[in-house]
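What follows is a single structure, written as structure tokens, with notes after it.
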Amino acid sequence: MERFKKMLWVVLLLVACNVNAQDFDKAKMDSLFSIIEQNNKGMGSISLFQNGREVYQNSYGFASIEQNVAADADTKYRIGSVSKLFTAALIMKLAEGNALTLDTPLDKFYPQITHADKITIEDLLRHRSGIFNFTNSEEYSTYYTNPLSKEQLLQQIASYDAAFAPGEKAEYSNSNYVLLTFIAQDVSGKSYDELIEEYIARPCGLKNTFVGTPADIAKNEARSYTKRADWKLEEETDMSIPQGAGAIVSTTTELNVFINKLFAGEIVNHVSLQTMKTIKDGFGLGMFQVPFYEKRAYGHTGGIDGFQSNLFYFPEDTVSIAFLSNAISYPMNDILVGVLSIVFNRDYALPLFTEEMVLSSEELDPYLGEYASSQIPLKLNIFKEDNVLMAQGTGQEAFVLEVVEKDKFKYEPARLEIEFKPLEDKLILSQGGAVFEMQKE
């Protein structure tokens, strides 16, 4: 899931490199994460590999704030949509064993899905099926914390009209990878967690990578948080719902082991790997490509509940990065740019945070209300929670608005800015270069 609970942004910027990644300034890297932790901007773990071995690891913040359990190198995080890379590798292993082919039609398994006779396994892997993304539905927020059976999930996915004709274009849909999970189970006669163990975890020596269940702090499994006045514990998605689209739990080190072995041809063969790496309309099989100048990285991002994840491999440099967060209020993209700038000895100024301005509850009152615009279909509800100004778009998660100055606020992770004009009962929303005027209803 780019998030299972919808998000307003998905961005990753990377920096060019031409030096040995093992020679970087590790003290400066430590300082970057110390600054983030000391300013209460996030919690998580990061691991860097070069030439198949770990050259840096850092963990900051807590696996559980309530139980005062600090994060460490062995903390296990929900990795969200990075799970799709595992699922795609499983499908390729099953194809190598002739259990299916990439041309196998979906109607062989689930004819109740719209256009199933025209959708292939490869269409599912490449997000070219046209199957509606069930996690984008309005009702998703009413059931994501409850277990659903295979039959219930299939019924949910089959209930929507097609978003477009199969093969017409590519559009991200978690439904594809839930269906791929069920297909893998059908052709193998094994559960998804058994397949992960047999084809990936055991051969790769991964002891802390598995299909998740409710987080167990006693086993060093992190809980996740979102920012309010302070960190608020997030509800957990029941892992029966994301399946192979986002149900895996792992550590940063083990994710790096996995992606290094994948690109070494030790999980799938080199022909299968080349197929996975072939990008069409932005998608490979379970991965996408990120350019930085003349170089290319392959991998996936993810988000589920309050977790965010990144796993990328740079073949020309044999460098990989696994970054997992269970709480973040500073753009992960900015952190990654800082990390890679330090790794590859590029100029980079460590972030400087100033003390946040605080407004009284009464001073926030003029901003409250629901705003709408003819420019965009969603409405924006502005409300207070624990004396903190919050915003929530239609069908979106609520998020904290940080005070910049009187009448001006921002939501840094999404690079969103709002300027209120209380005397005119309107606001100006700016994001990604786009500007929208919204009137209070």
[X] side, atom [atom1]; [Y] side, atom [atom2] - distance, nearest 0.5 Å:
X	Y	atom1	atom2	result
Asn98	Glu96	CG	CD	9.5 Å
Asn326	Ile65	CG	CD1	7.5 Å
Trp231	Met43	CH2	CE	6.0 Å
Arg128	Glu171	CZ	CD	11.5 Å
Ile91	Thr181	CD1	OG1	7.5 Å
Tyr192	Met239	OH	CE	10.0 Å

Within the distance-only criterion (no hydrogens, no angle test), does the side chain of [X] pair as donor or acceptor with the backbone N or O of [Y] below 3.5 angstrom?
X	Y	value
Gln392	Gln396	yes
Glu37	Gly61	yes
Glu254	Lys207	yes
Ser83	Ile248	yes
Glu221	Asp216	yes
Arg223	Ser64	no
Asp30	Ala27	no
Glu168	Gly130	no

Are [X] and [Y] close enough that a side-chain donor and a side-chain acceptor fall under 3.5 Å?
X	Y	answer
Asn58	Tyr56	yes
Ser59	Asp72	no
Glu194	Ser191	yes
Asn256	Thr253	no
Ser240	Asp238	yes
Thr301	Asn310	no
Ser325	Gln308	no
Thr104	Thr101	yes
Asn208	Thr251	no
Glu234	Ser224	no
Thr145	Glu235	no

Would you call Arg78-Glu236 a salt bridge at under 4.0 Å N-O?
yes

Do Asp334 and Lys41 sit within salt-bridge range, that is, some charged N less than 4.0 Å from a carboxylate O?
no

Axial cation check for Phe24 ring with Lys26, 6.0 Å and 45° limits:
yes

For Tyr199, does the six-membered ring have the charged nitrogen or CZ of Lys93 within the cation-pi criterion, i.e. under 6.0 angstrom from the centroid and within 45° of the normal?
no

Derivation of the side chain to side chain donor-acceptor pair (under 3.5 Å) call for Tyr348 and Asp25:
CA-CA 11 Å; Tyr348 171 69; Asp25 187 343; over 6 Å; no

Kindly assign one of parallel, tilted or perpendicular to the pair [X] and [Y], based on the angle between their ring planes and the thresholds 30° and 60°.
X	Y	value
Phe182	Tyr110	perpendicular
Tyr140	Tyr144	parallel
His300	Tyr172	tilted

Phe288 ring center near Phe312 ring center (under 6.0 Å)
yes

State yes or no: are the ring centers of Phe62 and Tyr225 separated by less than 6.0 Å?
no

What verdict does the ring-ring contact (aromatic ring centres under 6.0 Å, His included) test give for Tyr160 and Phe134, after you've listed the backbone C-alpha separation in whole Å, the side-chain angles of each residue and the deciding distance to 0.1 Å?
CA-CA 8 Å; Tyr160 303 105; Phe134 77 106; 7.9 Å; no

